[in-house]
Amino acid sequence: MTGIHQTPALLLFSAFVAVTLGITTWVSRNRQGSQEEFYAGGRLFSPMENGVAIAGDYMSAASFLGATGLIALYGYDGLLYVVGFLVAWLVVLFLVAELVRNCGRFTLADVVAARMSERPVRIAAGTSSVTVSVLYLVAQMVGAGSLVALLLGNSGEAARSWAVIGVGALMVIYVSLGGMRATTWIQIVKAVLLLGGTIVLTVLVLVRFHGDFDQLLSTAAERSGHGAAFLAPGLKYGGDWTARFDFMSLGLALVLGTAGLPHILSRFYTVPTAQAARRSAVWSIGLIGGFYLMTIVLGFGAAAIVGPEAVRGSNASGNTAVPLLALDLGGGADSTGGTVLFAVVAAVAFATILAVVAGITLASSASVAHDLYASLRRRHAEPRSEVAVARVAAVGIGVVAIALGLLARDLNVAFLVGLAFAVAASANLPVLLYSLFWRGFTTRGAVWAVYGGLVPALALVVLSPVVSGGPESLFPTVDFQYFPLQNPGLVSIPLGFLAGWLGTVTSAEVADEAKHAETEVRSLTGAGAA
């Protein structure tokens, strides 16, 4: 990219940063000392506002940059991410949203600890939530680095590294100063910008092909170099049985992982009632569904218009497919239209990354303060002390995410998010569902469910081709690959459920029937909910 493209994109991005910092500054002048203000925004958001914010939280760099890039490179097999991300919301709507809002206050651990021994459960759930959040943050950091490299003309690793550091610094400012209220409004602004930009690009792609989707698909298949195989299963995941099991593992992780994501669960505490939480989920499903349908058009549009080779030449993982598509749709690299459209898309992508990392960082810092600190320091920490710890935790989490983002900068962002979903589905979902629906569930079962999913998931990732043993691994020069699948979900998710069951049936503890009855009534009716 030349300076003519860089300048407007940087100006638009700077304008978004200025607006969001203004929101954060304004919010920080209001009441931010209480837990309810910092963690849940005072529970004052309407279902529509919260639904738009949830959509903003969920429509991340993995969706806008990573999934479209995978479709552009692998055709049909790239659609798995889109389908998995969308179908996952049915699990959230029917099994999680209303019940979690009724049973908890700020975090996942609140739901589980309601009927268990609080200290071990909070430590386990808090550890798991922070781990999932950091993995998710790494994907956003990688997206930021890829985008800046494209914007600055692929000017070297230094530009990508500074982009990761800059995004990390901004997310710490958003969270530590503004809390949930600022984060929510940033998400709303970002969601509107992202949906608007996606609509414009989708319309332009369809206009290019005169509204003929069949022509779009056939052109994409022709330019892919794979012919009809580009539109059929198997290009990425169908080569052998290992690839097919990887396909199943990824699908399972995507569909089940959303219900265990801490930053998504925390969103349901920002509305006043459980009914509002369910209506928020309905709003978000509508917006997210429309968005993912458009990403299919953009992915195949990038394959047909830009071409997989050009996409891969810009970024080996396909993370820059959408900005390149925008440049071409606007008239090319030397046109005013191309410059403007590229600038808009780049700025929207930056906004997407900044907003999502703010939401994830807030959720993880809340887990550190509300679950880990409150359990390890003393039984009931002072609210103001807890909020102060959350602000400090945001800085520490930001540093860790920056370091890992620099390490994983060459991986596809949607693929990285798939790993985070696998860990969430393995460690968080079993303990959540058991706590809500199993009368005999015990404290040992809860702790074993968390660690029984978390430890195998992380261990299998370390021993997988993601980390070593191949040219695309994090450490390509060494080989300690013993697990053949890139996504651990197929093994680690059943292990999480099995560990929870085994811990419960071998426990000498007798489940508290009265607490279960209280939890059941609260989850179904909202009586006594915070």
Is any side-chain heavy atom of [X] less than 4.5 Å from a side-chain heavy atom of [Y]?
| X | Y | result |
| --- | --- | --- |
| Leu460 | Leu485 | no |
| Gln215 | Thr219 | yes |
| Thr295 | Phe64 | no |
| Pro262 | Val132 | yes |
| Leu463 | Tyr482 | yes |
| Val467 | Phe480 | yes |
| His226 | Tyr74 | no |

Exercise for the section: Hey, can you tell me if Phe245 and Trp241 have their rings parallel, tilted or perpendicular (30° and 60° cut-offs)? Expected result: tilted
Practice task
Look at the aromatic rings of Tyr58 and Phe421 and report parallel, tilted or perpendicular, splitting at 30° and 60°.
Solution key: tilted
Fill in the blank from the handout: salt bridge (Lys or Arg N to Asp or Glu O under 4.0 Å) filter on Arg223, not counting sequence neighbours, yields none
Problem - Flag, side chain of Asp246 to backbone of Asn487, donor-acceptor distance under 3.5 Å - result: yes
Practice task
Output yes when a side-chain donor or acceptor of Lys190 lies under 3.5 Å from a complementary backbone atom of Met59, and no otherwise.
Solution key: yes
Problem - Pairwise salt bridge (charged side-chain N to carboxylate O under 4.0 Å, His left out) hits with a residue in residues 310-324, at least two apart - result: Glu309-Arg312
